[in-house]
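Everything on this sheet refers to the single structure shown next.
Here the structure is a predicted model, which means the values were calculated and not measured.
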Amino acid sequence: MAVDLLLGLQWGDEGKGKIVDVLTSKYNIIARFQGGPNAGHTLVFNGKKHVLHTIPSGIFHEDAMNLVGNGVVIDPVIFKKELDKLAEQDVDYRKTLLISRKAHLILPTHRLLDAASEASKGKAKIGSTLKGIGPTYMDKTGRNGIRVGDTELVDWKDKYRALANKHEAMIDFYDVDIQYDLEELEKDFFEAIDVLKSLTFIDSEEYIFQAMKSGKSILAEGAQGSLLDIDFGTYPFVTSSNTTAAGACTGLGIAPNKIGEVYGIFKAYTTRVGSGPFPTELFDEDGETMGRVGHEFGATTGRSRRCGWLDLVALKYACQVNGVTQLMMMKGDVLSGFKSLKICTAYRYKGETITHLPYNIDPENVDVIYTEMNGWKEDLTKMTEASQLPKELNDYIDFLEKELETPIKIVSVGPDRKQTIFR
Ligand code: IMP
């Protein structure tokens, strides 16, 4: 059976956690394939909010298996906190959570290096979540990393020490003021490693292969968004993994011809956290309203998100890079009450009108061309059927479907599982 993918198409925070949770009943296995605790996947059900960082969003469903794939980077300390929260809610994760031996570990010194690197950049900083993501992936590609499977070896602590010593020298090299007590950090780290080791480690590519062979349904859950992809995002203001469809192949060991549906998630407007270009960003009351009504604060860092109109140039690009087969539009409810809505349909770039995403979208290179549409007044949050959606919203959806040449199958009208309209 083919593996379906679920991917964010913007700069992250599209609402992937909610949709995975909604779709989980259709799948036997939910698998994360990249990123780490920089992600914050929010799920709301039974009146309660749950935030997951590294653990797949299927964990609240008793019947689904949840796999942390080889492409993910794991901070054992944050992972342990997530497990503690699940235990408080009586989630029996031991039976349903599996971890790839090939996933890399985030060491305390990776986090310190992240902080030192950002501090040294001054105004040019990436706006990283400072979870150690970049330094960990650097050690992975530099062939110095420590993997989950290493913790099963007798001499792994020697390897750890050598790498941590090297990191300390690198932190000194940055020549910035980073205060830390490594002994204290290591105490928490090794305690958390023991907890991690009490879980089930597997050779995950073999597990996925056998699961496909025996007809199990699998959903690969992406983190961050396509515009934060290390290759196709707004480099260098990106994360350090492939957030696009190809990342699911390398992050789980799935062959490209085994991919089925590619669900692409986008917000009805656009948000971004951290630094980097954002052509449709708003600095006015409209942007402020989107942020306030949409509760646009990072689930991991609490930082307020930058807000702006929907950018179809960027969205079309994301659909192409990922081969999206179905779209899901989130947070349409946040746009209720806007008299008119703008949609970016082209850029003015170096004197030309273009509809593809160019190499450089820094503000000095790009002017945005908008199409304007009528807004809707109705509160969408209690609606349950597509037939209840206001005409102006249907016009907005029709316009997007035509431009993106892809059907919008789900319209989300609130954070709760139940606030989901299937079309
Ligand atoms: P890092 O991955 O923590 O190094 O952060 C790199 C950039 O990606 C920063 O601009 C972050 O704000 C952004 N970023 C990382 N993870 C997420 C996410 O899950 N949602 C939204 N933005 C993210």
### Query
Please walk me through it: do N66 and S57 pass side chain to side chain contact (heavy atoms under 4.5 Å, CB included)?
CA-CA 8 Å; N66 290 270; S57 301; over 6 Å; no
### Message
Side chains of Q224 and T239: any donor to acceptor distance under 3.5 Å?
### Response
no
### Task
Indicate yes or no for a side-chain donor-acceptor contact from E82 to the backbone of T54 under 3.5 Å, with no hydrogens or angles considered.
yes
## Note on the structure
In short, S120 meets Y174 closest at the heavy-atom pair OG-CD2, 3.6 Å
### Task
Taking K402 for its side chain and I397 for its backbone only, find out whether a donor-acceptor pair lies under 3.5 Å.
no
### Task
Would you mind checking if D84 and K81 are paired as a salt bridge, meaning a charged N to carboxylate O distance below 4.0 Å?
no
### Query
Is the backbone of S198 close enough, under 3.5 Å, to the side chain of R94 for a donor and an acceptor to pair up by distance?
yes
### Task
Determine the sole option in E14, K18, R417 for which the side-chain hydrogen bond (donor to acceptor under 3.5 Å, both in side chains) test with S412 is passed.
K18
### Task
May I ask you to decide whether K316 forms a salt bridge with E405, counting only side-chain N to carboxylate O separations under 4.0 Å?
no
### Task
Return yes if some donor-acceptor pair links the side-chain N/O of D4 with the main-chain N/O of L219 below 3.5 Å, else return no.
no
### Query
Is a side-chain N or O of H53 found less than 3.5 angstrom from the main chain of T300, in a donor-acceptor match?
no
### Query
Does the ring center of H50 lie less than 6.0 Å from the ring center of F60?
yes
### Query
Without hydrogens or angle criteria, can the side chains of T136 and K140 be said to hold a donor-acceptor pair below 3.5 Å?
no
### Message
Assess whether a salt bridge exists between R111 and D75, defined as any Lys/Arg side-chain N lying under 4.0 Å from an Asp/Glu carboxylate O.
### Response
yes
### Message
Check R305 with D13, please: is the shortest side-chain N to carboxylate O separation under 4.0 Å?
### Response
yes
### Task
Would you indicate whether E285, at its atom CD, is surrounded by more than 12 heavy atoms from other residues, nucleotides or ligands within a distance under 6.0 Å?
no
### Query
Any ion pair linking E118 and K125 (charged N to carboxylate O, less than 4.0 Å)?
no
### Query
Taking the six-membered ring for Trp, are H110 and H167 parallel (under 30°), tilted (30 to 60°) or perpendicular (over 60°)?
tilted
### Query
If you count the non-hydrogen atoms of other residues, nucleotides and ligands that lie under 6.0 Å from CD in E352, is the total more than 12?
no
### Task
Could you please spell out the steps behind the salt bridge (Lys or Arg N to Asp or Glu O under 4.0 Å) verdict for E191 and K80?
CA-CA 9 Å; E191 260 174 43; K80 178 177 174 294; 5.3 Å; no
### Query
Would you say Q34's side chain and A223's backbone share a donor-acceptor pair under 3.5 angstrom?
yes
### Query
Roughly how far, to the nearest 0.5 Å, is CG of N374 from CG of L393?
12.5 Å
### Task
Answer with yes or no whether the side chains of H41 and E221 bring together a donor and an acceptor at under 3.5 Å.
yes
### Query
How far apart are the closest heavy atoms of F189 and L107, and which atoms are they?
CZ-CD2, 3.7 Å
### Query
Which value, rounded to the nearest 0.5 Å, describes the distance between N360 atom CG and N365 atom CG?
4.5 Å
### Task
Can you establish whether the number of heavy atoms outside D194 located under 6.0 Å from its atom CG is more than 12?
yes
### Message
Determine whether a donor-acceptor pair (N or O, by modelled atom type, separation under 3.5 Å) exists between the side chain of D21 and the backbone of L43.
### Response
no
### Message
Any side-chain to backbone donor/acceptor pair from T325 onto V262? Under 3.5 Å, distance only.
### Response
yes
### Query
Is the cationic atom of R101 (NZ for Lys, CZ for Arg) positioned less than 6.0 Å from the six-membered ring centroid of F201 and within 45 degrees of its normal?
no
### Query
Is there a donor in the side chain of W11 and an acceptor in the side chain of T270, or the other way round, less than 3.5 Å apart?
no
### Query
Are there more than 12 heavy atoms of other residues, nucleotides or ligands under 6.0 Å from atom CD of E62?
no
### Message
So, taking the atom named CG in D229 and the one named OG in S241, what distance separates them when rounded to the nearest 0.5 Å?
### Response
7.5 Å
### Query
Would you say the side-chain atoms of R423 pair up with the backbone N or O of I408, donor to acceptor, closer than 3.5 Å?
yes
### Query
CD1/I171 to OH/Y180 distance, rounded to the nearest 0.5 angstrom?
4.5 Å
### Message
Other residues, nucleotides and ligands only: do more than 12 of their heavy atoms fall within 6.0 Å of CE on M373?
### Response
yes
### Message
Set out, in order, the CA-CA distance, both residues' side-chain angles and the distance that settles side-chain hydrogen bond (donor to acceptor under 3.5 Å, both in side chains) for Y347 and D311, then state yes or no.
### Response
CA-CA 10 Å; Y347 294 157; D311 184 341; 2.6 Å; yes
### Query
Any side-chain heavy atom of I133 within less than 4.5 Å of one from P37?
yes
### Flag if over 12 foreign heavy atoms under 6.0 Å of NZ, K197
yes
### Query
Quick check: does any side chain N or O of E206 sit under 3.5 Å from a backbone N or O of S204, one acting as donor and the other as acceptor?
no
### Lys/Arg-Asp/Glu bridge criterion (N-O < 4.0 Å) met for E296, K331
yes
### Query
Quick one: are L23 and Y263 in side-chain contact, heavy atoms under 4.5 Å?
yes
### Task
Would you kindly say whether T234 and R272 are connected by a side-chain donor-acceptor distance under 3.5 Å?
yes
### Message
For a quick test of reading the model, state the closest non-hydrogen atom pair linking G332 to W376 and the distance between them.
### Response
O-CZ2, 3.4 Å
### Message
Looking at F422, I'd like to know if its CZ atom is crowded, meaning that more than 12 non-hydrogen atoms belonging to other residues, nucleotides or ligands lie closer than 6.0 Å.
### Response
yes
### Task
Check whether more than 12 heavy atoms from other residues, nucleotides or ligands sit under 6.0 Å from atom CZ of F45, and answer yes or no.
yes
### Query
Centroid-to-centroid, Y137 to H104, below 6.0 Å?
no
#### Entry: Derivation and outcome, side-chain hydrogen bond (donor to acceptor under 3.5 Å, both in side chains), residues S217 and N28
CA-CA 5 Å; S217 53; N28 302 122; 3.1 Å; yes
### Task
Would you check if the distance from the ring center of W309 to the ring center of F338 is below 6.0 Å?
yes
